[in-house]
Structures are given as C-alpha cells and as structure tokens.
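Okay, so here's the structure we're looking at.
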Amino acid sequence: MDAIQHTTINTNGIKMHIASIGNGPVVLLLHGFPELWYSWRHQLLYLSSVGYRAIAPDLRGYGDTDSPGSHTSYTALHIVGDLIGALDELGIEKVFLVGHDWGAIIAWYFCLFRPERIKALVNLSVQFFPRNPAISFIQRFRAAYGDDFYMCRFQVPGEAEADFACIDTAQLFKTTLSTRSTEAPCLPKEYGFRAIPPPENLPSWLTEEDINYYAAKFKETGFTGALNYYRAFDLTWELTAPWTGVQIQVPVKFIVGDLDITYHFKGAKEYIHDGGFKRDVPLLEEVVIVKNAGHFVHEEKPHEINTHIHDFIKKF
C-alpha cells in the first residue's frame with residue numbers, strides 16, 4: 001500500500017484526488033457508494049503487479065476530491081466530464097474501465113458519451129439501465145418499491161444525513177459493507193438506517209483498519225456529496241434524452257455476486273439473462289455470477305475478481 005502514489009489534479013473546475021500505481025496500459029477504477037479510492041486497494045496492487053498502471057480517483061463529492069454544494073452538479077455529465085478532464089490532464093488517451101455500484105453507472109455513461117476513450121469495460125454489480133423516455137429512474141424505483149425505498153429516501157436534502165448522524169460512522173460502515181441481505185432496502189422514515197442491526201463480527205475480508213479508514217474520511221467530509229448522486233439521478237435522466245436507445249459499443253464483461261441486492265431488484269435477473277442486456281450491450285462478452293458473494297464483491301473476493309478483470313482486459 002505504501003507504493004501507491006497520491007496526487008491531486010485540476011479537472012472540470014474541481015480538484016480531484018487520484019491514487020495510482022504501476023506502469024503500462026491504464027486501468028481506470030471507479031468506486032461506488034459509500035466507497036472511496038480505497039475500495040480498489042486489492043485491484044490497484046494486483047493490476048500493477050501484472051503490468052498495468054492502475055488509477056483510482058475519489059470521485060466528485062468523495063474523500064479528498066472537491067464536493068460542490070448543489071446536487072445539480074452531480075449528473076453523469078459532470079462526473080464523466082471530471083474523468084475525461086483527468087485523463088487529458090494525465091496525458092492518457094484510452095483506458096480499460098472498471099466500475100462498481102455508482103462507479104458502474106458512471107462507467108456505462110462514460111461508454112455512451114465517449115466510447116473512443118475506452119478499450120474495454122469490466123463492470124461490477126450494476127447492469128446497464130437503458131433510458132425509458134416515459135418514466136425517470138427514481139419514479140421507476142418508487143413505483144416498484146414505494147416511498148421507503150432507500151433511493152427515494154435519499155432524495156430529500158438533509159434527511160439521510162440526519163439519519164446517518166444518529167449512527168456511529170464506523171458502525172454504519174460495518175453494517176453497510178457486510179450486509180448479506182438480498183431484499184431491497186426499504187427504510188421507513190421513523191426508523192431509517194438505525195433499524196438495521198450491525199453485525200456481531202466483521203467478515204473475514206474486512207478489517208478494523210478498513211472500517212476506520214472509511215469512517216475517518218466520511219466523518220471529515222460528511223455524506224452529502226455521495227448522496228447527491230442519487231439526488232441528481234433524475235436530472236441525468238432528463239439531460240440524457242439524446243442518448244435514448246443508444247447501445248453500449250465497447251467490449252464488456254459484467255460481474256455480480258449472487259447475494260448482491262442489485263441482482264435481486266425486480267426485473268434485474270430477467271434483463272441480465274433473457275436477452276435485454278445483450279440487446280442494449282451488443283459487445284457483452286461474458287456475464288459472471290460469483291457464488292456466495294454480496295454487493296462489495298471486489299473487496300469480498302479480490303483474488304477472484306482480480307483474475308476476472310485481468311483475463312478479460314489482457315485480450316485487448
């Protein structure tokens with residue numbers, strides 16, 4: 001870990017913190033919620049050891065990267081703009097792209113907006129969400145799960161932050177990272193995240209040091225920047241109308257744990273396995289279902305995920 005370099009660059013009007021290690025073709029790693037560059041620690045070390053330059057930024061609103069105040073500054077256009085600017089600042093023309101959770105969503109948009117900058121994509125946990133012109137993303141989730149669904153709960157500025165403030169931050173990360181529930185998180189307002197019991201023990205793949213790193217950073221920054229991705233989701237839907245029906249035209253490998261909550265969202269398995277995914281992502285080469293793995297699959301099963309990433313990108 002001491003070999004990982006940490007730099008700050010200017011991009012798209014913000015200062016972005018980047019962790020990087022290694023030399024060779026570039027792999028750009030995009031974290032999700034509530035994560036940081038640190039979530040890719042295993043992949044950074046592995047990819048650099050097999051001949052790649054691995055780069056993991058703190059995305060806008062996270063960690064040591066700037067966090068603009070308004071949720072309207074967190075659309076996919078903003079985040080992809082940050083990444084394009086970062087690659088330009090670093091003199092990098094094309095990358096292998098790897099994303100997880102919100103990082104996966106941003107990776108899909110990156111491929112829609114600027115496919116010429118991507119050699120191939122490995123996405124974890126969140127399949128492509130084709131834009132339905134008739135109904136926005138949050139409206140679809142609200143229709144499927146009701147107002148208590150966590151993405152709907154996150155929409156009101158300050159509400160989720162107040163909920164999180166009632167919980168010890170380290171406990172919040174222990175609960176979030178180690179969950180094995182496949183039920184859609186629905187959180188009645190009167191209980192919120194406080195109603196979710198923390199695990200008695202950390203899973204073997206998480207250490208107190210890991211938890212403390214996350215907790216310290218989020219105590220410093222708060223959660224608003226991270227939550228603003230959810231609050232801008234419908235604005236992204238509005239702004240991306242010109243891309244309605246556009247396919248992902250880069251080679252793709254998709255990986256999801258069989259205990260990942262996103263894999264159990266209504267319609268997800270049918271979309272992934274019954275032809276919809278391949279229709280929208282015609283260069284989808286492989287779908288991998290990792291057995292006995294939850295949402296944070298790259299942290300839970302790093303050796304398996306590292307091998308999957310390397311086996312795919314080394315072909316290009």
Side-chain angles (χ1 to χ4, degrees), residues 4 16-33 35-60 62-63 65 76 79-80 82-84 86-87 90 92-115 117-129 229 248-257 260 262 277 281 283-290 293 295-316:
I4 295 174
M16 173 177 276
H17 165 248
I18 290 177
S20 63
I21 185 172
N23 296 288
V26 176
V27 184
L28 178 61
L29 302 147
L30 308 180
H31 69 78
F33 174 91
E35 299 179 280
L36 298 163
W37 75 268
Y38 185 84
S39 308
W40 297 111
R41 59 198 178 280
H42 305 297
Q43 288 70 40
L44 284 161
L45 298 178
Y46 174 80
L47 289 167
S48 65
S49 76
V50 292
Y52 293 88
R53 180 183 178 189
I55 298 175
D58 282 335
L59 295 177
R60 172 183 292 235
Y62 283 90
T65 291
I79 313 304
V80 174
D82 296 345
L83 298 169
I84 292 291
L87 295 182
L90 296 169
I92 299 167
E93 181 60 30
K94 297 185 75 170
V95 297
F96 293 108
L97 193 58
V98 181
H100 171 255
D101 187 76
W102 259 105
I105 296 173
I106 296 303
W108 292 123
Y109 280 114
F110 198 142
C111 293
L112 279 181
F113 300 157
R114 299 299 300 272
R117 304 296 294 264
I118 309 300
K119 296 177 183 178
L121 166 66
V122 180
N123 248 355
L124 313 178
S125 295
V126 180
Q127 75 274 12
F128 183 55
F129 283 157
Y229 284 66
I248 300 292
Q249 294 289 352
V250 304
V252 173
K253 182 174 188 174
F254 179 70
I255 306 169
V256 64
D260 192 323
T262 64
F277 199 9
V281 187
L283 301 183
L284 178 68
E285 295 192 14
E286 191 175 357
V287 171
V288 177
I289 311 301
V290 181
H295 182 62
F296 299 93
V297 64
H298 55 313
E299 295 192 70
E300 182 177 351
K301 294 186 180 288
H303 302 301
E304 190 171 342
I305 297 305
N306 291 344
T307 300
H308 278 304
I309 293 171
H310 187 217
D311 284 350
F312 187 63
I313 66 176
K314 72 183 181 183
K315 300 189 295 183
F316 300 95

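You'll find the side chain of Pro251 reaches within 4.5 Å of the side chain of Phe316, heavy atoms only. With a 4.5 Å cut-off on side-chain heavy atoms, Ile55 and Val95 do not count as touching. Taking 4.5 Å as the limit, some side-chain heavy atom of Asn306 sits within range of a side-chain heavy atom of Gln43.
Distance check, rounded to the nearest 0.5 Å: OH of Tyr38 to NE2 of His31 gives 14.5 Å. Atoms CZ and CD1, on Phe312 and Ile255 in that order, are 9.5 Å from each other to the nearest 0.5 Å. Here the CG-CD1 distance, from Leu45 to Ile4, works out to 4.5 Å after rounding to the nearest 0.5 Å. Once rounded to the nearest 0.5 Å, the distance linking CG of Leu124 with CG of Leu29 reads 9.5 Å. Atoms OG1 and CD, on Thr262 and Gln127 in that order, are 6.5 Å from each other to the nearest 0.5 Å. Atom CG of Leu83 sits about 8.5 Å away from atom CD1 of Ile18, to the nearest 0.5 Å.
For residues 37-54, the salt bridge (charged side-chain N to carboxylate O under 4.0 Å, His left out) pairs, not counting sequence neighbours, are Arg41-Asp210, Arg41-Glu299. Here salt bridge (charged side-chain N to carboxylate O under 4.0 Å, His left out) pairs that include residues 302-312, with residues two or more places apart or in two chains, are Asp311-Lys314. Sequence neighbours left out, not one pair with a member in residues 102-113 passes side-chain hydrogen bond (donor to acceptor under 3.5 Å, both in side chains). Note on residues 20-31: no pairs pass salt bridge (charged side-chain N to carboxylate O under 4.0 Å, His left out), not counting sequence neighbours.
The two atoms that bring Leu97 and Cys111 nearest to each other are CD2-SG, 4.4 Å, heavy atoms only. Residue Ser39 comes nearest to Glu35 through the heavy atom pair OG-CB, 2.9 Å, listed as atom of the first residue, atom of the second, then distance. The two atoms that bring Asp101 and Ser125 nearest to each other are N-CB, 4.3 Å, heavy atoms only. Nearest heavy-atom pair across Ile118 and Leu121 is CG2-N, 4.5 Å. Pro57 approaches Met16 most closely through the heavy-atom pair CB-SD, 3.8 Å. Summarising the geometry of Lys301 relative to Ala293, their closest heavy-atom pair is CE-CB, 3.8 Å, with the distance given to 0.1 Å.
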- Passes ring-ring contact (aromatic ring centres under 6.0 Å, His included), His298 versus Trp40? Steps please. CA-CA 7 Å; His298 55 313; Trp40 297 111; 4.6 Å; yes
query: side-chain contact (heavy atoms from CB on, under 4.5 Å) between Leu283 and Gln249: does it pass, once the steps are laid out?
result: CA-CA 6 Å; Leu283 301 183; Gln249 294 289 352; 4.3 Å; yes
For this session: List the steps, then state whether side-chain contact (heavy atoms from CB on, under 4.5 Å) holds for Ile105 with Tyr229.
Result: CA-CA 10 Å; Ile105 296 173; Tyr229 284 66; over 6 Å; no
Please determine whether side-chain contact (heavy atoms from CB on, under 4.5 Å) holds for the pair Ile313 and Leu47, giving the CA-CA distance in whole Å, both sets of side-chain angles, and the decisive distance to 0.1 Å. CA-CA 11 Å; Ile313 66 176; Leu47 289 167; 4.2 Å; yes
| field | Verdict with supporting geometry, Phe110 and Leu28, side-chain contact (heavy atoms from CB on, under 4.5 Å) | value | CA-CA 12 Å; Phe110 198 142; Leu28 178 61; 4.3 Å; yes
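Note on ring orientation: taking the six-membered ring where Trp is involved, the planes of His100 and His295 are tilted (angle from 30° to 60°). Relative orientation of the Trp37 and His17 rings is perpendicular, given thresholds of 30° and 60° on the angle between their planes.
Evaluated for a side chain to side chain contact (heavy atoms under 4.5 Å, CB included) with Val122, the options Ile305, Val98, Val288 yield exactly one hit, Val98.
The side chain to side chain contact (heavy atoms under 4.5 Å, CB included) test applied to Pro25 returns Tyr52, Phe96, Lys119, not counting sequence neighbours. Among residues two or more places apart in sequence or in another chain, the salt bridge (charged side-chain N to carboxylate O under 4.0 Å, His left out) test is passed with Lys253 by Glu286.
Looking at Asn123, its side chain never comes within 3.5 Å of a backbone N or O of Phe254 through a donor-acceptor pair.
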